[in-house]
Amino acid sequence: MANELKEHFERASQFLRDLPKDIKMTDQQKLRSYGLYKQATIGDVNTSRPGMFSMVERAKWDAWKECEGMDMEAAEQAYIELVDDIYPGWAEK
């Protein structure tokens, strides 16, 4: 089961990396996907929060921090569900 989840997660992350140009993600979806991806691949935040002048990096760090405490498999599953919400049926493509 864990290997199946990992494979599905890897396919979902590859899909988002190769997202068709006609599909636009909101900033909120981008940040959520970033946070879940980092949590699924690294675990809890392991760096200090970027400074106030690094707004993009700070928003990404905050998105990752929101996932703190979530186990890696739960983050993988949440990431897959997010991709399903953004592009229903992506896995059949």
Side-chain angles (χ1 to χ4, degrees):
M1 175 78 177
N3 284 339
E4 190 175 308
L5 177 62
K6 177 65 94 186
E7 287 174 18
H8 199 55
F9 168 75
E10 289 173 5
R11 285 189 14 238
S13 61
Q14 184 65 46
F15 177 80
L16 281 192
R17 279 193 295 277
D18 299 336
L19 196 64
K21 295 197 185 300
D22 63 326
I23 300 173
K24 301 292 183 205
M25 290 175 60
T26 66
D27 288 342
Q28 183 179 6
Q29 288 170 326
K30 289 176 186 176
L31 289 171
R32 182 72 177 152
S33 68
Y34 177 85
L36 289 170
Y37 182 85
K38 295 291 270 188
Q39 190 68 23
T41 57
I42 296 173
D44 289 341
V45 172
N46 58 5
T47 62
S48 57
R49 189 174 191 218
M52 64 188 334
F53 295 109
S54 301
M55 289 183 275
V56 172
E57 296 306 314
R58 190 176 179 115
K60 289 166 67 174
W61 188 93
D62 289 345
W64 184 11
K65 182 75 171 171
E66 286 177 16
C67 299
E68 193 168 54
M70 181 184 289
D71 72 46
M72 294 171 101
E73 285 185 358
E76 288 176 349
Q77 185 62 45
Y79 186 92
I80 292 165
E81 291 169 5
L82 177 64
V83 176
D84 286 339
D85 289 343
I86 294 168
Y87 195 87
W90 69 273
E92 287 86 43
K93 302 260 179 221

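What you see is a predicted model, and the numbers here were worked out from it, not measured in a lab.
When every heavy atom of A40 is checked against every heavy atom of A75, the shortest pair comes out as N-CB, 3.6 Å.
I42 is listed as a side-chain neighbour of W64, based on a closest heavy-atom distance under 4.5 Å.
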Show me the side-chain donor-acceptor pairs of residues 51-61 shorter than 3.5 Å, one per line, residues at least two apart or across chains.
unit_1: R58; atom_1: NH1; unit_2: P50; atom_2: O; d: 3.1
unit_1: W61; atom_1: NE1; unit_2: T47; atom_2: O; d: 3.1
unit_1: W61; atom_1: NE1; unit_2: T47; atom_2: OG1; d: 3.3

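Note: the hydrophobic cluster containing Y37 also contains L16 (ILVMFWY, side chain heavy atoms under 4.5 Å, direct or indirect links). In the hydrophobic cluster analysis, where Ile, Leu, Val, Met, Phe, Trp and Tyr join through side-chain heavy atoms closer than 4.5 angstrom, M70 is grouped together with V83. No single ILVMFWY cluster, assembled from side-chain heavy atoms under 4.5 Å apart, contains both M72 and I80. Taking hydrophobic clusters as Ile, Leu, Val, Met, Phe, Trp and Tyr residues chained together by side-chain heavy-atom distances below 4.5 Å, Y34 does not share a cluster with F9. A continuous path of Ile, Leu, Val, Met, Phe, Trp and Tyr side chains, each step under 4.5 Å between heavy atoms, connects L82 with M25, placing both in one hydrophobic cluster.
Note that the CD atom of E66 and the CZ atom of R32 stand 7.0 Å from one another [nearest 0.5 Å]. Between atom CZ of residue F15 and atom CD1 of residue I86 there is a gap of 8.5 Å, rounded to the nearest 0.5 Å. Rounding to the nearest 0.5 Å places OG of S13 at 9.5 Å from CG of D18. Here OH of Y79 is found 14.0 Å from CD of Q39. Values are rounded to the nearest 0.5 Å.
A side-chain N or O of Q14 and one of R17 form a donor-acceptor pair less than 3.5 Å apart.
Between the side chain of D44 and the backbone N or O of G69, at least one donor-acceptor pair lies under 3.5 Å. When atom types are taken as modelled, the side chain of Q29 and the backbone of T26 share a donor-acceptor pair closer than 3.5 angstrom.
Annotation: side chain to side chain donor-acceptor pair (under 3.5 Å) contacts of Q28 (sequence neighbours excluded): none.
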**Prompt:** Passes salt bridge (Lys or Arg N to Asp or Glu O under 4.0 Å), R49 versus D62? Steps please.
**Reply:** CA-CA 8 Å; R49 189 174 191 218; D62 289 345; 2.8 Å; yes
**Request:** For the pair Q77 and E81, evaluate side-chain contact (heavy atoms from CB on, under 4.5 Å) and give the outcome as yes or no after the intermediate values.
**Result:** CA-CA 6 Å; Q77 185 62 45; E81 291 169 5; 3.3 Å; yes
